[in-house]
Visitor: 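I'd like to ask you about the structure that follows.
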Amino acid sequence: MAFGKGCHLHLIDGSAFIFRAYHALPPLTRKSDGLPVGAVSGFCNMLQRYVEGNVGGDVTHVAVIFDKGSHTFRNDMYDQYKANREAMPEDLRPQMPLTRDATKAFNIACEEIEGFEADDIIATLAVQARDAGGRCTIISSDKDMMQLVGGGVVMMDAMKGNKIIDVEDVEEKFGVGPNRVIDVQALAGDTADNVPGAPGIGIKTAALLINEYGDLETLLDRAGEITQPKRRQTLIDHRAQIELSKRLVTLDDKMDLPFTLDDLEVRDPEPDVLLEFLSQMEFRTMTKRISDKLGVAAPAVADVAVAADAPEQPAFDAEKYEWVKDAAALQVWIDQIYARGYVAVDTETTSLNEMRAELVGVSLCVTAGEACYIPLTHKSGAADDLFGDDALAEGQMDFEECLAILKPMLEDDSILKIGQNMKYDAKIFKRVGIDVDPIDDTMLMSYAMNAGLHRHGMDVLSEQYLGHTPIPIKPLLGAGKSAKTFNRVPVEDAVRYAAEDADITLRLWEVFKPQLHRKQVTSVYETMERPLVPVLAKMEMHGIKVDRDTLSRMSNAFAQKMAGLEDELYELAGGKFNVGSPAQVGEILFDQMGLEGGKKGKNGKYATGADVLEDLATEHDLPGRVLDWRQLSKLKSTYTDALQTHINAETGRVHTSYSITGANTGRLSSTDPNLQNIPIRTDEGRKIREAFIADEGKVLVALDYSQIELRILAHVANIDALKQAFRDGHDIHAMTASEMFNVPLDEMTPDVRRQAKAINFGVIYGISGFGLARNLRIPRAEAQGFIDRYFERFPGIRTYMDDTVAFAKEHNRVETLFGRKIHTPEINAKGPGAGFAKRAAINAPIQGTAADVIRRAMIRMDDAIAHLPAKMLLQVHDELVFEVDKDAAEDLIAAARDVMENAANPVVKFDVPLVVDAGIGATWAEAH
DNA sequence: CACGTCACG
DNA sequence: GACGTACGTGACGTGT
């Protein structure tokens, strides 16, 4: 078919795909020869997803366009063009030709031309397609190609869920239509490509000028008419540079191409060619997956290509999983487990909440591909049947009999029990009287190796490391109101699903186990991840007593106050509105009442956050009242109301669940409910802590590290003045203020101290003048002055920050003092993402080291307080909360404080003391 | 289900 | 007024 009306051309920006694939994946190598192939693998996955996404679509022609060589006609114009680009990573270079091979293997046209950038080829093809009366979609988010949009040409951002970028989006980004984009770029320049532009002029100003004068040439000719003197002079002085910039950003859309649009017609992949390539790359699982999809047998060559030392993984086959119905069948599995010495275990239950969940069945796996499920309490009737048959389904072992057989194995020292998120299963087993030990946990292994690269849920891990998409649970359980619990799932379906989870877990373990050592995280995993599982399980199961009446009384009081505020607000606004709707609040403030300074966010709504409303409070009464209402609403809905629903009916206590892998830095996170964000900063909120109480005859004890992150900063950045202040027990913020502002300590004012405190925290967060200015509400220049003075006074801090960022750029990760690795995959990206990654990289070793310290304390705590009538209940990042018999409180404080203050020993010897403050009380409010 | 907002360290 | 910016989390209500 000749390209013409009705045709649709897709042009894929190959380089963008490659770099995304490279940064998205951990460094994989081909087993047989160690060739790096991570980017190729990701590239193939993206192509495959792209192809699948187009099945049934209207695309008639497609090509992947690559850059060729690093020297283009633009370098002849300007030798500094793209001169600030970092060199291509060593392990990416050999993969470049392979991505071309991959494109051809998928039977997609693959084009590159010496001396030209991919962008020029894309421009030429897009124009050809448009002129022929067809449509063109450029798959890229590169702003350099936005000049091409319009007249049937759009862009598509594959990284943002295939968002279409059309003329309107271009106008939003550049403030001018696509035909004037190059004029704006010529003025604004481009840091990423090292296009100079006009100094001091950015996109905003450029768009303003272009819109006023029509186009760049007119603007430059009439530059003398510009009223602002500085701007006028800039344009006159830099005319040549601006004109050069325009030539640099203008894409060549009239190239002579050695092929035509017709050569790009969509072709189906040829299975033999594609699978041959994939198996050469030794993408075993992808070969299997794609051969399944194409409906052909995986080629024998795939087996040949697999290195001899890599045991061939059997394919996943749900039909092979066994339904264990009686003791004899189970015993066969137990015998296998003892012969092997380890087993992957998974439980199925009625709830994700371990304190409410009832055990429904157990699955086991000893060899990849061979797994079983032991259903125990499946019901035969459906849940929604009013007269539902609550009888047990057929073919299930007796519950107690099964547990009696499993218990000795699960508790046997010589049998390693492998789980994915073992804390969950261990708690379920604990509630039926089984102490599972010893354990390994694939989720924690992944976290130790790959924190920051991806999340660590089974679906992600299976997809990433086994190339297998697990059977989804949704279709089995349903969703919304008609959702049922797992004990209502027909046993045949349950066997496939549940046994597969154990199978996946075992396979992941086989992949991860040898990697731990190679990635040098064995000791992190074995000393700071795995031992935390039983510690947290105990804390969570113990829970903390919460008084429902206190909460309920507070809820009522909040409701009354809110109703009063609502009346006042309706009065002020001159009508009813939903105070809880930021959109409506914004309309009232900025449209209806006409207050100044409304800023709209990306979805066109006014921002009405606390900072905005606080600034407006001087103008009008309404914003302040909205803030008061919001505070009450927050306290009521998130705390006094919701906490009541979390009080366990059996224990009368609240049982949170800690996630070990929730935060990339090593911190824990807390859910259902989150007990790490109970209010304390305002008096009203703080009262909620009065509902957290000790059991009769006991008290709550809270111990928290004093300034732990600043102490760690003083140590790692090696700042003598800070270290000495901590040794002397001085007020660290006052000391900082004194050093910076040359104010003697005894003349320190609270305000100066407050500013120094903000700077101290800012440093930990990767300070910027902008951020500090906003925080302190001072002019940006003043904030920058503070920062400059701080670095002048404490030069070690700057060195630490620079070194940390340099380390991150080289290794794509940072480390805590205890060896925890935190990946920063965005650190070498261009664009705003790099700024975030940089600050995160500065913060992570500090926050992470503090997290490691308290983890170590928690792991040692059990033994240290075993002789006391005390239980550890909660962790809040730098604080531990205990419940202890009244008369043993002081003993507990002594023992726990000793553990906490010495938790870094002997691995890290801090130059500063770690200091722990303690409090005792009948409630958490008192104890803090 | 995304977003804005706000609670904590 | 080149850009967009303090670090790390989780839960709630609104509005699509």
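Every heavy atom of this structure was used, including side-chain atoms; hydrogens, water molecules and symmetry mates were not. Reminder, nothing fancy here: chain letters follow the sequence lines and each chain counts from 1. What you see is a predicted model; the values in this text were computed from it and never measured.
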Visitor: Under 4.0 Å from any heavy atom of chain A: name the first and the last nucleotide of DNA chain B that qualifies, 5' to 3'.
Guide: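 So the outermost contacting nucleotides come out as B:dC3 to B:dG9.
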Visitor: Have a look at B:dC3 and give me syn or anti from its glycosidic angle (syn if within 90° of zero).
Guide: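 B:dC3: anti.
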Visitor: Starting at CD of A:Gln676 and ending at C1' of C:dG10, how long is that distance when rounded to a whole Å?
Guide: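 So the two atoms are 9 Å apart, to the nearest Å.
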Visitor: Calculate the interatomic distance between A:Lys204 atom NZ and C:dG1 atom P; express it in whole Å.
Guide: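 Interatomic distance, NZ of A:Lys204 to P of C:dG1: 13 Å.
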Visitor: With nearest nucleotide decided by heavy atoms, which residue, A:Ala840 or A:Thr205, maps closer to the 5′ end of DNA chain C?
Guide: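 The residue whose closest nucleotide sits nearer the 5' end is A:Thr205.
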Visitor: Under a plain distance cut-off of 3.5 Å, with no hydrogens placed, do A:His456 and A:Asn450 share a side-chain donor-acceptor pair?
Guide: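 Looking only at side-chain atoms, A:His456 and A:Asn450 do not form any donor-acceptor pair under 3.5 Å.
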Visitor: Which whole-number value in Å describes the distance from A:Tyr658 OH to C:dT9 P?
Guide: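 So the OH-P distance, A:Tyr658 to C:dT9, works out to 17 Å.
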Visitor: Looking across every strand, which nucleic acid part, if any, lies under 4.0 Å from A:Arg686 by heavy atom: base, sugar-phosphate, or nothing?
Guide: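 Counting heavy atoms under 4.0 Å across all strands, no contact is made by A:Arg686.
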Visitor: Give the rounded distance in Å between these two atoms: CG of A:Asn664 and C1' of C:dT9.
Guide: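 It is 11 Å, rounded to the nearest whole Å.
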Visitor: Suppose you measure atom C1' in C:dG4 against the same atom in B:dA7; what distance do you get, rounded to whole Å?
Guide: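 Rounded to whole Å, the distance is 25 Å.
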Visitor: So A:Gly200, base contact, sugar-phosphate only, or nothing? Heavy-atom distance under 4.0 Å.
Guide: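 Counting heavy atoms under 4.0 Å across all strands, the contact made by A:Gly200 is with sugar-phosphate only.
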Visitor: Which part of the nucleic acid, if any, lies within reach of A:Ala834 when heavy atoms closer than 4.0 Å are counted: base, sugar-phosphate only, or nothing?
Guide: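 Nothing: the residue A:Ala834, judged by heavy atoms under 4.0 Å, touches no strand.
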Visitor: Whole Å only: how far is the CD atom of A:Glu709 from the P atom of C:dA6?
Guide: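 My rounded result for the distance is 18 Å.
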Visitor: Within the 4.0 Å heavy-atom criterion, would you say A:Ala188 contacts the bases, only the backbone, or no part of the nucleic acid?
Guide: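 Nothing: the residue A:Ala188, judged by heavy atoms under 4.0 Å, touches no strand.
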Visitor: May I have the distance from A:Ile827 (atom CD1) to C:dC7 (atom P), rounded to whole angstrom?
Guide: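 Nearest whole value for this atom pair: 12 Å.
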Visitor: Counting any heavy atom closer than 4.0 Å, what does A:Leu772 reach on the DNA or RNA strands: base, sugar-phosphate only, or nothing?
Guide: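 It contacts base atoms.
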Visitor: Does the side chain of A:His715 reach to within under 4.5 Å of the side chain of A:Thr849, using non-hydrogen atoms?
Guide: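 Side-chain contact under 4.5 Å: no.
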Visitor: May I ask you to say what A:Ala844 touches in the nucleic acid, namely base, sugar-phosphate or nothing, with a heavy-atom cut-off under 4.0 Å?
Guide: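 Answer is nothing: A:Ala844 stays at 4.0 Å or more from every strand.
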Visitor: What does A:Ala607 touch in the nucleic acid at a heavy-atom separation under 4.0 angstrom: a base, only the sugar-phosphate, or nothing?
Guide: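 Sugar-phosphate contact only.
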Visitor: For B:dC3 versus C:dT5, give the span between their P atoms, rounded off to a whole number of Å.
Guide: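 Between the two P atoms, the distance is 14 Å.
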Visitor: Is it true that the NZ or CZ of A:Arg798 lies under 6.0 Å from the centre of A:Tyr800's six-membered ring and within 45 degrees of the ring axis?
Guide: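 Not flagged: A:Arg798 not positioned over aromatic ring of A:Tyr800.
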Visitor: With a non-hydrogen cut-off below 4.0 angstrom, is A:Gln631 in contact with a base, only sugar-phosphate, or nothing?
Guide: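 If one applies the 4.0 Å heavy-atom cut-off, A:Gln631 turns out to touch the sugar-phosphate alone, with no base involved.
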Visitor: Nucleotide by nucleotide, 5' to 3', does protein get under 4.0 Å of the base (B), only the sugar-phosphate (S), or neither (-) in nucleotides 11-16 of chain C, counting heavy atoms?
Guide: BSSSS-
Visitor: Ring pair (Phe, Tyr, Trp, His ring centres under 6.0 Å) for A:Tyr790 and A:Phe786? Distances and angles first, verdict last.
Guide: CA-CA 6 Å; A:Tyr790 188 96; A:Phe786 286 180; over 10 Å; no
Visitor: Touch check for A:Ile678, heavy atoms < 4.0 angstrom, all strands: base, sugar-phosphate only, or nothing?
Guide: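 Touches sugar-phosphate only.
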Visitor: Does the side chain of A:Asn843 come under 3.5 Å of the side chain of A:Glu709 through a donor N or O and an acceptor N or O?
Guide: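 No pair is found: no donor N or O on one side chain lies under 3.5 Å from an acceptor on the other.
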Visitor: Is it true that A:Asp157 and A:Lys163 make a salt bridge, defined as a side-chain N closer than 4.0 Å to a carboxylate O?
Guide: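 No, this pair does not count.
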Visitor: Counting only Watson-Crick or G-U wobble pairs whose two distances fall under 3.5 Å, which nucleotide matches C:dG13?
Guide: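 Paired with C:dG13, as far as the under-3.5 Å criterion goes, is B:dC3.
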Visitor: For nucleotides C:dC3 and B:dC8, find the distance between their P atoms and express it as a whole number of Å.
Guide: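 To the nearest whole Å, 34 Å.
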Visitor: So what does A:Asp878 touch, heavy atoms closer than 4.0 Å: a base, only the sugar-phosphate, or nothing?
Guide: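 Sugar-phosphate: the residue A:Asp878, judged by heavy atoms under 4.0 Å, touches backbone atoms but no base.
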Visitor: For A:Ile680, report the nucleic acid contact type (base, sugar-phosphate, nothing); a contact means any heavy atom under 4.0 Å.
Guide: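 Here A:Ile680 touches the backbone only, sparing every base.
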Visitor: Find which nucleotide of DNA chain C each of A:Tyr639 and A:Leu208 is nearest to by heavy atoms, and output the residue with the more 5' nucleotide.
Guide: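 Its nearest nucleotide being more 5', the pick is A:Leu208.
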Visitor: Under 4.0 Å, heavy atoms only, any strand: does A:Arg630 hit a base, just the sugar-phosphate, or nothing?
Guide: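 Answer is sugar-phosphate: A:Arg630 comes under 4.0 Å of backbone atoms only.
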Visitor: Measure the distance from CG on A:Leu668 to C1' on C:dG10 and round it to the nearest whole Å.
Guide: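 The distance from CG of A:Leu668 to C1' of C:dG10 comes to 14 Å, rounded to the nearest Å.
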Visitor: Around atom NZ of A:Lys82, are there more than 12 heavy atoms of other residues, nucleotides or ligands at under 6.0 Å?
Guide: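 Enclosed: over 12 neighbouring heavy atoms sit under 6.0 Å from NZ of A:Lys82.
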Visitor: Measure CG/A:Leu874 against P/C:dG10 and give the value in whole Å, please.
Guide: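 Atom-to-atom, A:Leu874 to C:dG10, this comes out as 16 Å.
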Visitor: Under 4.0 angstrom, heavy atoms only, what part of the nucleic acid is A:Phe836 near: base, sugar-phosphate, or nothing?
Guide: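 Result for A:Phe836 = sugar-phosphate.
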Visitor: Tell me the partner of C:dA6, counting only Watson-Crick (N1-N3 plus N6-O4 or O6-N4) or G-U wobble (N1-O2 and O6-N3) with both under 3.5 Å; none if nothing fits.
Guide: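 Its partner is none (no Watson-Crick or G-U wobble pair with both distances under 3.5 Å).
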Visitor: Just to be sure I understand the rule, does A:Gly762 reach a base, reach only the sugar-phosphate, or reach nothing, if contact means heavy atoms closer than 4.0 Å?
Guide: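 Contact class for A:Gly762: base.
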